[in-house]
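Quick note on labels: first sequence line is chain A, next is B, and so on, each numbered from 1. What's counted below: heavy atoms across the whole structure, side chains too, no hydrogens, waters or symmetry copies.
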Amino acid sequence: MSVKTLYDKLFDSHVVREENGTALLYIDRHLVHEVTSPQAFEGLKLAGRKLWRINSVLAVPDHNVPTTNRSTGVAGIADPISRLQVQTLDANCSEFGVTEFKMDDVRQGIVHVIGPEQGATLPGMTVVCGDSHTSTHGAFGALAHGIGTSEVEHVMATQCLVQKRSKSMLVKVDGQLGHGVTAKDVALAIIGKIGTAGGTGYAIEFAGSAIRGLSMEGRMTLCNMAIEAGARAGMVAVDDTTINYVKGRPFSPKAEQWDAAVAYWRTLHSDEGAQFDATVALKAEDIQPQVTWGTSPEMVVGVDGKVPSLDMAKNDVQRADWERAYAYMGLKANTPIEQIQIDKVFIGSCTNSRIEDLRAAASVAKGKKVAGNVKLALVVPGSGLVKEQAEQEGLDKIFKEAGFEWREPGCSMCLAMNADRLEPGERCASTSNRNFEGRQGQGGRTHLVSPEMAAAAAVAGHFVDVRQLV
Amino acid sequence: MKPFTLLNGLVAPLDRANVDTDAIIPKQFLKSIKRSGFGPNAFDEWRYLDHGEPGMDNSRRAKNPDFVLNQARYQGASILLTRENFGCGSSREHAPWALEDYGFRAIIAPSYADIFFNNCFKNGLLPIVLADDIVNQLFKSVEGNVGYQLTVDLEKQTVSTPDGQSYGFEVDAVRKHNLLNGLDDIGLTLQHVEAIKTFEVKHKSTQPWLFN
């Protein structure tokens, strides 16, 4: 038998047919949200087509939902255009018979949080969603990536995607992560090293002892950010951590199927000697808590660093990019990161809103107060179940006592499609995934950090090395 | 989908690397449940001086005179010349919808983000990859010559300049065929219904838990 990478195994086991390097790939799980699906459902209706396999689809509204009071349901969405989009998802799911966790369902949350939480994401699956952060699900040893709306419609109608094989990249992180250094810092350090286009055309497998040591939440954070390195898919091989997480969840294999499933999942790793098209290695001990300074996730430095100067740029195109980033971010070259004052804090998003993220942020915030210059510090749990769990553990009280707002689940200020946003010029310590111009609100300035670092910035009023606080 | 065969068009230069899909079409316009009408909001935050929201009369909004696409000489452009990693970020197909609705039919850049690149082909928009030095040369030509046009021939896979220079580009054979003929992917895939059904039966017998 030939030696295969994890990516090859996942791809090969889903090929319906392949011709001239283009495959028809069978899709096991299709996650759907309100923003990228209405045109796909409409396309199906216009062509008189049905869903190929209804129970492969799981839908949830997340981008447009308000994070404040939910008691009035969909009717409570103030923005009529947002409201119509959520109502359209409800109507489409009801018409096509799709399972949907509606706004008033405790299981509602960010699509990339609820999939794994429900066991709807399983090892060995192909998972797609009309959302680039679908790479998150690769944490389970699944082949998962974002697709456009035309492909959403294509998967709905045919259960398949037309795909070419990606190249394979191994990102190996060996060693022991330092105290206060998280999966988010690993992700940002990798992007800092290879750039936001470094993974373009590749599927990345994250491996090495530091990755093996991460929890499922940490692996999801890491795979979530694979797309910020340009890779549509990121993945981690299956091990006990994966299997223990999956066990007993609502959509997980039933008792009589469990042993067979586990036996198969145990094969989901790259074989010894498998060849990758590219390999990148990082030492865990070298990774510091990271803070982005610019308008692309690759514009990132350690918390003890400074905004880089133009003479460090690799070419004219990058120099021009950095000059625009200084102007947009209102920063000068050589400014120490720890001197950057913030106006708002956002703890949430499909990158960092799971229970472990909230526990970590709470452990920093406990017994402290949000600094006077911080106008708003938001904590937005990834799902209703995460919120419930956090409240059972008393995390909501810790946050509220420290001066954070404790909100309802959704995408919220990661992309500001709902009412949670930055005003022009406001600077935010954010646990989300993109610091693009205008991402969190027009003119808003985003600095990407881990939950611990966001909580530390909230109480200090500026970026600070969380390792000095805990 | 509109077929793409031969395009002779005005070129507009957007001299920035890493132009992301949030810049191409900001999130507030993603609330639409339609596929059309995104053109007036393409590059909204760079293109207008005020903050844009859905439902505004865009013809009455003040345009940013510093944004290159607002210059009179680039009105009516159908080819966008830009830099590396164009279309990075979100998977929103609203980005190619907006570019196509604006009037672009082809993009020329040294590289693209994967999902965006893929989405273009579903919408009759041709993303062409040319080497850095050629892109540099084209930027000089566009900026130095008002009314500069290029000819894109998808059949021959060439980009030709007015002075007779011709650059070849690569394009996947299946994508080329579909684009030349304006073919709908779903229709093509459904020619393989039996193969999908056969696969599904086998897949279900080996991993039944996937079908719970």
Side-chain angles (χ1 to χ4, degrees), chain A residues 16-17 20 22 24 26 28 35-36 38-39 42 47 49 55 64 79 81-82 84-85 88 122 124-125 130-132 146-151 153-154 157-160 162 164 196-197 200-201 230 232 251-254 257 261 264 296 317-318 320-321 324 415-417 434 436-439 442, chain B residues 15-18 20-23 26-28 30-35 45-46 51-52 54-55 83-85 88-94 96-97 111-116 118-119 122-123 172-174 184-190 192-193 195-196 198-200 203 206-212:
Chain A
V16 171
R17 66 190 301 278
N20 301 324
T22 300
L24 206 53
Y26 188 84
D28 297 316
V35 181
T36 55
Q39 299 87 352
E42 190 192 16
R49 288 173 176 140
N55 75 354
N64 282 279
D79 177 349
I81 312 176
S82 281
L84 177 63
Q85 199 164 53
T88 303
L122 294 172
M125 272 185 166
D131 193 288
S132 61
I147 56 178
T149 297
S150 294
E151 290 180 318
E153 185 181 341
H154 190 278
T158 70
Q159 209 61 38
C160 292
V162 178
K164 292 176 85 69
T196 51
T200 302
R232 290 179 75 176
F251 287 73
S252 291
K254 306 284 175 283
Q257 300 169 336
Y264 173 61
S296 162
V317 172
Q318 189 170 66
D321 230 19
R324 269 193 295 269
L415 86 167
M417 267 186 88
R434 291 191 174 130
F436 298 155
E437 287 185 22
R439 173 77 179 181
Q442 188 166 13
Chain B
D15 196 355
R16 285 180 180 233
N18 302 308
D20 58 72
T21 53
D22 276 85
K27 80 297 239 87
Q28 60 269 36
L30 273 52
K31 295 174 188 174
S32 167
I33 55 173
K34 298 190 187 132
R35 225 175 230 273
E45 291 185 5
W46 294 342
H51 173 74
R83 298 287 184 183
E84 67 200 47
N85 201 27
C88 61
S90 140
S91 65
R92 60 188 71 165
E93 198 161 317
H94 311 68
W97 293 341
S111 62
Y112 301 86
D114 282 344
I115 303 178
F116 174 81
N118 201 36
N119 283 340
K122 316 283 181 194
N123 294 284
D172 172 70
V174 176
D184 160 18
D185 270 355
I186 297 178
L188 291 174
T189 298
L190 287 174
H192 304 294
V193 163
I196 302 169
T198 305
F199 177 89
E200 199 165 45
H203 199 50
T206 54
Q207 295 182 64
W209 53 87
L210 296 177
F211 293 77
N212 287 339

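Looking at B/His51, both its backbone and its side chain come within 4.5 Å of chain A, counting heavy atoms on both sides. Interface remark: A/Ser82 contributes backbone and side-chain atoms alike to the contact with chain B (heavy atom separation under 4.5 Å). Only the side chain of B/Asn119 comes within contact range of chain A, with heavy atoms under 4.5 Å apart. Of the atoms belonging to B/Glu45, heavy atoms from both backbone and side chain fall under 4.5 Å from chain A. Interface remark: B/Lys34 contributes backbone atoms only to the contact with chain A (heavy atom separation under 4.5 Å). For A/Lys164, the part lying near chain B is the side chain, with the backbone staying farther off; criterion is any non-hydrogen pair under 4.5 Å. With a 4.5 angstrom heavy-atom cutoff, B/Pro208 touches chain A via backbone and side-chain atoms both. If you measure heavy-atom distances from B/Asn212 to chain A, the contacts under 4.5 Å come from both the backbone and the side chain. Looking at B/Asp15, the atoms closer than 4.5 Å to chain A (heavy atoms on both sides) all sit in the backbone: N, CA, C or O. The part of A/Tyr264 that comes within reach of chain B is its side chain, from C-beta onward, which places non-hydrogen atoms under 4.5 angstrom from that chain. The part of A/Gln159 that comes within reach of chain B is its side chain, from C-beta onward, which places non-hydrogen atoms under 4.5 angstrom from that chain. With a threshold of 4.5 angstrom between heavy atoms, B/Ser90 approaches chain A through its backbone and through its side chain. In this structure, chain A has a heavy atom under 4.5 Å from the backbone of B/Tyr112, while its side chain stays farther away. B/Ala23 does not touch chain A: none of its heavy atoms, backbone or side chain, sits under 4.5 Å away. Proximity to chain B is absent for every atom of A/Ala47, based on heavy atoms less than 4.5 angstrom apart.
Of the listed residues (B/Thr198, B/Leu190, B/Thr206), the greatest number of heavy-atom pairs within a distance under 4.5 Å of chain A belongs to B/Leu190. Your options are B/Asn85, B/Val193, B/Ile33, and the one with the most heavy-atom pairs under 4.5 Å with chain A is B/Ile33. The greatest number of non-hydrogen atom pairs below 4.5 Å with chain A, out of B/Arg92, B/Gln28, B/Glu84, B/His192, is found for B/His192. Listed options A/Thr36, A/Leu84, A/Thr196, A/Asn20 were ranked by heavy-atom pairs under 4.5 angstrom with chain B; first place goes to A/Thr196. When the candidates B/Asp184, B/Ile186, B/Asp172 are compared by the number of heavy-atom contacts under 4.5 Å with chain A, B/Ile186 comes out ahead. Looking only at heavy-atom pairs under 4.5 Å with chain B, the residue among A/Gly130, A/Ala261, A/Gly230 that has the most is A/Ala261. Among B/Thr21, B/Leu188, B/Asp185, the residue with the largest count of heavy-atom pairs under 4.5 Å with chain A is B/Asp185. Between chain B and the options A/Thr22, A/Ile147, A/Thr200, A/Thr88, heavy-atom pairs under 4.5 Å are most frequent for A/Thr200. Chain B forms the most heavy-atom pairs under 4.5 Å with one residue out of A/Gly201, A/Ala320, A/Ser296, A/Ser252, and that residue is A/Gly201. Among B/Trp46, B/Trp209, B/Phe211, B/Trp97, the residue with the largest count of heavy-atom pairs under 4.5 Å with chain A is B/Trp209. When the candidates A/Ala197, A/Pro253, A/Ser150 are compared by the number of heavy-atom contacts under 4.5 Å with chain B, A/Ser150 comes out ahead. The most heavy-atom pairs under 4.5 Å with chain B, out of A/Glu42, A/Gln318, A/Glu153, come from A/Glu153.
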task = Carefully, step by step, assess A/Asn64 and A/Ile81 under the rule side-chain contact (heavy atoms from CB on, under 4.5 Å).
result = CA-CA 9 Å; A/Asn64 282 279; A/Ile81 312 176; over 6 Å; no

task = Any chance you could lay out the salt bridge (charged side-chain N to carboxylate O under 4.0 Å, His left out) test for B/Asp114 and A/Arg232, step after step, and finish with the verdict?
result = CA-CA 7 Å; B/Asp114 282 344; A/Arg232 290 179 75 176; 5.5 Å; no

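Distance check, rounded to the nearest 0.5 Å: CG of B/Asn123 to CD of B/Glu93 gives 4.5 Å. To the nearest 0.5 Å, atoms CG (B/Asp20) and CZ (A/Arg434) are separated by 8.0 Å.
The pair A/Glu437-B/Arg16 counts as a salt bridge, with a side-chain nitrogen and a carboxylate oxygen less than 4.0 angstrom apart.
Under the 3.5 Å distance criterion, with hydrogens and angles disregarded, a donor-acceptor pair is assigned to the side chains of B/Asn118 and A/Glu151. Side-chain contact check for B/Glu200 and A/Tyr26: at least one donor-acceptor pair (N or O, by modelled atom type) lies under 3.5 Å.
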